[in-house]
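Worksheet for the structure shown next.
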Protein chains: 2
Amino acid sequence: MGRPRVTSFDVAREAGVSQSAVSRAYTPGASVSAKTRDKVFAAAQKLGYQPNAIARSLISRRSNMVGLVMADVVNPFYPPVLELFMRNFREQGQRVMLFLGGHNQDVDELLPQVLEYQVDGIVITSSTLSSEMAAYCNKLGTPITLFNRYVPNARVDSVCSDNIDAARNIADLFITAGHKRLAYISGQVNTSTNQDRQKGFFSRVEERRQPMPAMAEGDWSYQSGFDAALKLFTAEKLSSGEYPDAVFCANDLMGLGALDAIRCKLNLRVPDDVSVIGFDDTDSCSWHNYRLTTIRTPVEKMVASAVENMIARINNPEKEIIAALEQSLLIVRDTARLPEQISMPFIKDPKPDTAG
Amino acid sequence: MGRPRVTSFDVAREAGVSQSAVSRAYTPGASVSAKTRDKVFAAAQKLGYQPNAIARSLISRRSNMVGLVMADVVNPFYPPVLELFMRNFREQGQRVMLFLGGHNQDVDELLPQVLEYQVDGIVITSSTLSSEMAAYCNKLGTPITLFNRYVPNARVDSVCSDNIDAARNIADLFITAGHKRLAYISGQVNTSTNQDRQKGFFSRVEERRQPMPAMAEGDWSYQSGFDAALKLFTAEKLSSGEYPDAVFCANDLMGLGALDAIRCKLNLRVPDDVSVIGFDDTDSCSWHNYRLTTIRTPVEKMVASAVENMIARINNPEKEIIAALEQSLLIVRDTARLPEQISMPFIKDPKPDTAG
DNA sequence: ACCCTGTTTGCATAGGTATTCAAAATTGTT
DNA sequence: AACAATTTTGAATACCTATGCAAACAGGGT
């Protein structure tokens, strides 16, 4: 069915040179005279020739493809991450094979599918992999980089944001600002991201000898944040005035849900009655109606360093393992009462003064 | 640097069979006895062998990879589309090479990069391609499917939603419900999606001999919707009561921006003073605070048919060209006053009655 | 024991390019 | 003009798997 493809031999014949010459014409820095290169390109143009990257990969043992395994593109944290990875890899001349649905369980089943294609490297976001699989990739010589996940003593690179540290800082902010009844709305409890954020928050509260925060379980979704807030603010707590006065939400989506519940359904004022802080600095946080105070992870920097490191490792497998841990930034908007002195890096995102 | 790879020959030697036997063991339906297959798998297991998809692609002339060119993953309409494409292609045993930033201008430059890799087919979302490029792909025998874009007489498949029809229906709804001063907030004006929605809306208004809608230009973003609303509702229009009483926004993001402007900044009531309708049925439309009435494009169905058709065409290049045009669905929420009789397919999305 | 049928097997080759090596062509030097 | 030094060229081979073909094999029936 496939029409006969035009190969480097066809071009060679047309141009009156050898196949090697054609190959060299397309290899930057190879030894060809300008004259033959021109002949080759002219012939290629005429025949509609284009080098076959598959054949090239086979012989050069370099596919110029990387695998990108993403946990969940629907969570609004990830599309920008995906876009950044695409852009950065493109700048490095790497194509991207995308794989979705890589939760921890799946990754081990997924990886063979990507290894088949002889990718030069694999980036895995927000999932871990078994140590056997890590060892196997190592044996194949395929470098792995974990993004937003860390595996203590495996031979894999990782670049993460310091969730624990950020969450500890949130606790400090709440406490120092004088909040007395803290609460936490969790993400899916079995994810390491949630565990880190929760651990950081609770451990710092404990260190400062404050009462343990109330907690409600969510699953990262808007609706779960909404529901969780309603669980934290029961009717009896509302009437007794014992309801939380500071809620830390494990991500923005739940933060927005909580905000809607607190303001629209419970008729409390934010931040006067309750402070709310989210995590991720998703686009919708800056919408006029929300202006959610939140934590921004330095994704641009993280992706850039993940890609840069991947390329470096492809070129030098002996390169030392990196384990980057980036610090986050507090984005100050209008949903939290904060202390005079803010104990972590922050920026204020002013309310845009739109013409009108 | 690369350690020596383990090939089918190594496995053959280990298992005491020929290389062909190894190949056949991995080819479903090939002629191998159960006994040799077992020997092969045992040896493969022992050596850590895995077939090389690159070499396989080279000889079988089938890469089992498709190219997916997406215009813009950051626009919240697309992540679900991407996820659906990934899932559907995976079910068909196809890997996906992703390419971003495929706006109309770029596509022609981008395609050669994907064709290099001998993909079995290419899906292009929300962008057109030049007829030369279409002809070139045709010559190579690489099928193209356009998603959400249509090119009249090119040999490419397309599956679209009927934006014109949906927009005409919006006009009908507004008019029949008794709105008198319509308005339109546009997306980027040079995109075909915007052109269709605008054209449908305006043409139907004209047919029904109503005054032409006011219009403000946006760029699909939340902020642009906010700003556009402020332009439509100037101070003088507000004081004279001449402000629009029905706003159709070319997508949801702008609809939400407009909604925030209208309610929070202009202090008008929705839908009592103003009706607002969006487009896409993005997640945030259903948030309690917004409950935006909008149009849902049947993306699941569209993606499924795009993929199904792609696979069919790969297997039979002579298959007739399809040009699917799917009808959209009105999602009735709380931001628009609607007539008794709704003239298009619709569903009501009830306010969830959350426990609390 | 034989032949006939149907299944398995291995050999050899193809698929399209990159690269080594030695030969050929070019350039520069005196 | 002759030679050395350098650049350019082509032939041959390797990368790893799938598959057509003919040979080997197993099984059934007489």
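Residue numbering restarts at 1 for every chain, and letters A, B, ... go by the order of the sequence lines.
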- Item | Distance, rounded to the nearest Å, where A/Q118 contributes CD and C/dT17 contributes P | 19 Å
- Item | For atom CZ of A/F9 and atom P of C/dG15, their distance in whole Å | 11 Å
- Its 5'-most and 3'-most nucleotides having an atom under 4.0 Å from a non-hydrogen atom of chain B, DNA chain D is contacted over D/dC16 to D/dG20
- Task: Please work out which residues in residues 49-60 of chain B have a non-hydrogen atom less than 4.0 Å from an atom of DNA chain D and list them by number.
- Result: B/Y49, B/P51, B/N52, B/A55, B/R56, B/I59
- Message: Just to be sure I understand the geometry, which residues of residues 10-24 of chain B put a non-hydrogen atom under 4.0 Å away from DNA chain D?
- Response: B/Q19, B/S20, B/S23, B/R24
- Taking the side chain as every heavy atom from C-beta outward, state whether B/F41 and B/Q45 have any atom pair closer than 4.5 Å. no
Looking only at heavy atoms, which two atoms of [X] and [Y] are closest? And how far apart?
{"X": "B/S57", "Y": "B/S63", "result": "OG-CA, 3.4 Å"}
{"X": "B/S127", "Y": "B/L146", "result": "O-CD2, 3.7 Å"}
{"X": "B/V6", "Y": "B/Y49", "result": "O-CD1, 3.3 Å"}
{"X": "A/A25", "Y": "A/V32", "result": "N-CG2, 4.1 Å"}
{"X": "A/R313", "Y": "A/D157", "result": "NE-OD2, 2.5 Å"}

- Message: Please determine whether the number of non-hydrogen atoms from other residues, nucleotides or ligands lying under 6.0 Å from atom NZ of A/K319 exceeds 12.
- Response: yes
- Quick one: do the A/R149 and A/T125 side chains pair a donor with an acceptor below 3.5 Å? no
- Message: Checking A/S126 against A/Y78: is there a side-chain donor and acceptor pair closer than 3.5 Å?
- Response: yes
Please output the side-chain donor-acceptor pairs of residues 107-115 of chain A that fall under 3.5 Å, not counting sequence neighbours, one pair per line with the distance.
from   : atom 1 : to     : atom 2 : distance (Å)
A/D108 : OD1    : A/S130 : N      : 3.3
A/D108 : OD2    : A/S130 : OG     : 2.5

- Item | Short N-O contact, B/E91 and B/R87, less than 4.0 angstrom | no
- Item | SB check A/D38 A/K35 (cutoff 4.0 Å) | no
- Query: Does the A/R62 side chain pair with the main chain of A/V119, one donor and one acceptor, at a distance under 3.5 Å?
  - Reply: no
- Run the ring-ring contact (aromatic ring centres under 6.0 Å, His included) check on B/Y117 and A/Y117 step by step: do they pass? CA-CA 12 Å; B/Y117 278 85; A/Y117 278 86; over 10 Å; no
- Axis-to-axis angle for the helix from C/dA1-D/dT30 to C/dT30-D/dA1, ends of five pairs each, to 10°, equals 30°
- Enter the distance from B/E116:CD to A/I54:CD1 here, rounded to the nearest 0.5 Å. 10.0 Å
- Note on the structure: Expected list for residues 33-47 of chain A near DNA chain C, using heavy atoms below 4.0 Å, is none
